[in-house]
Amino acid sequence: MKLDRRKDLLGLRDLEREEIELILDTAVPMKDIIKRDIKKVPALRGKAMVTVFYEPSTRTRTSFEIAGKYLSADTVNLAVSTSSVQKGESLRDTIKTIEVMGFDLMVMRHSMSGTPHYVARNTKMRVINAGDGANEHPTQALLDMYTIRERKGTLEGLKVAIVGDILHSRVARSNIYGLGKFGCEIRVVGPSTLMPPEVEKLSVKAYYSLEEAFADVDVINVLRIQRERQQSGLFPSLEEYANLYMVTPESLKKAKKDVLVLHPGPMNRGVEISSEIADGSKAVIDEQVTNGVAVRMALLFLMMGGSKSEIVA
Amino acid sequence: MKLLLKGGRVVDPANKIDGVNDVLIIDGKIAAVEPELAPQDCETVDVSGKIICPGFIDMHVHLREPGFEYKEDIASGTRAAAAGGFTAVCCMPNTKPVVDNIAVAGFVKERARKCGVVNVLPVGAISKGQGGKELAEIADLVAAGCVAISDDGKPVMRADIMRNALEYARMFALPVLSHCEDLNLSQDGQMHEGYYSTIYGLKGIPAVAEDIMAARDILLAKSTGAHVHICHLSTKGAVELVRRAKDEGISVSCEVTPHHLALSDKIVETYDADTKVYPPLRSEEHIAALREALNDGTVNCIATDHAPHEKESKDCEYHLASPGISGLETAVAVIMDKLVSKGLLDVKKMVELFTTGPAAALRIDRGTLTPGKPADITVIDPDVVKKVDPAVFYSKGRNTPFKGMEMKGWPCMTIVSGKVVARDGKVII
């Protein structure tokens, strides 16, 4: 079984549970490769991929790049600031130019929601969405799910709280869609000005206090808070935000004893997460990064390469 | 020059006619509307099974000339109007330069005379350059033939300027067409704020951004005694405000567009920029309120807000795409298919919304088949089924979210001053 039924991976909303399971299962042997002394397999030799990031990112771009390299794909990063975008070229023309160089797959990050969908419609290349505006960030949610599943043994029936700026968060949306397919009970918590309209129709429950939201939870996923949101009037100050919504040892009192704390990074210590938590035993933030490489290897392999048996053997 | 339209169902709300009649046109004017006419030496067209109406008026169209001829010009836009069943259009002043003085208004009138296929009624700007700061030379605009003023495309954000515009326009009995949008609430919004903006991760434009400005302008109409017409009304809240204002006797009218009546915000799903329009496509709740308001007299007319764009303005990131829908060539079919054939709107009411409704809002003497009046006539074939194909549009703007949809009920003949200018969607002039 491959992911060959679909050309692109644009989001988790329209992915089947079986497809998500396939990706997570394939990531398990991929993680072993990362731990080897010689971290290279020839699975994608002769395949070419390009990362195109219209928004700054270090970890996601690097993660995709090294994932491709471990699998022997030729990997090129297009630095958008130095490209012809600055000269006023249309996105369509940029994509066409990249396509005719022969790339098999494009990884795209864009600040505007729906841009990878637009690109995917207009190119023969396979497209992976590496985050589009406030819409989706499917590979982040996949690595979160991988991390949770590895630690908890299952996703089924877990209580997961997502904390922070839900309104602008693509990580929140992809997690809601992904975890929702595994029967998780999902809670979103944050200030009401950062809560999307009609969010509970996404089969989640909205909370405005950490204490209530964290009661009996198995997993807490802490979102990064962007300073611009304060400037645009959505909350009064970072201090007040921290007072109400920073995840601290105190705030975890009602959570399950073995609660996991995730953060997609980069962290604002002292704003959305305290250092005691970030550096403590409940946090799995470094593991998330490693798992991110494994999940992206799995995805690249499934989209450009072969079957799972091939990689295990 | 005589022309007889024989055996059609004539619907002429102003003259309380709804039944099978013949329509005789002599020298460009309506001569008679009666059953079984048999004039001598007369070209006769059999229109049995068709609906014969006074010429449809679209009071909200962007013809883009001067300045944006790559999007549309008066020749292509009026051909689109003819093909779509309209005999008169009001063109909005957000051109380059803006229609804020007698020279540009005169240019538009002259171009319309030279290359227009249907009647063109220009709308002048409220403020100089549509900047919202200083009033345009409104008396000059009236002298040049403008039938209303509007800063459409942009709201007049300053209440004092809007108040002055209303006071001033009242001297000329000139309607002021208001684009109701509080820019502070709508800024950077890409679609209607609600469930689907949450799912698609696009910044939402809340309905209240429209409601607030509608409320303000209604209050200003009340206090000045001038006439306010609310453009492209799209929210349940604004519907209720207009309904209450009318009950109170305030001089207010409003229009709704076919796309706000027919399509919901769900359609944004694929991020196809043809679905991007301001005000945005709303949720089902708002659509239901608009449909109800069509029937109870709250809404005065249907207008397209025809906003043609060149390919590049739509073939791009959703966020960067220009808002607007090319609507002249689909409007009648959309209303026929989505409302009339589903029993949500009767034919007579539809004809009012396209004829006497806009004529009354604009205080112009059009929209009837009264003998002696210019023979502007729209004929609809309620049975013909066609797919919307933007490739065959006369408009340069192919930007329509209705593309590929099959519709039942299309305009089949457009007559301007007694001359047949379009038949079966083809311009024949």
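Of all the heavy atoms in B:Asp151 and B:Val156, the pair that sits closest is OD2-CG2, 3.7 Å.
Relative ring orientation between B:Tyr318 and B:Tyr271 is described as perpendicular, the plane-to-plane angle rising above 60° on a 0-90° scale split at 30° and 60°. Using cut-offs of 30° and 60° for the angle between ring planes, the B:His179 and B:His232 rings count as perpendicular.
Of the listed residues (A:Arg170, A:Arg13, A:Glu136), the one with the most heavy-atom contacts under 4.5 Å to chain B is A:Arg13.
In this structure, chain B has no heavy atom under 4.5 Å from any part of A:Ser90. Heavy atoms closer than 4.5 Å to chain B are found in the side chain of A:His110, but not in its backbone.
A distance of 11.0 Å separates NE2 in B:His286 from CD in B:Glu284, rounded to the nearest 0.5 Å.
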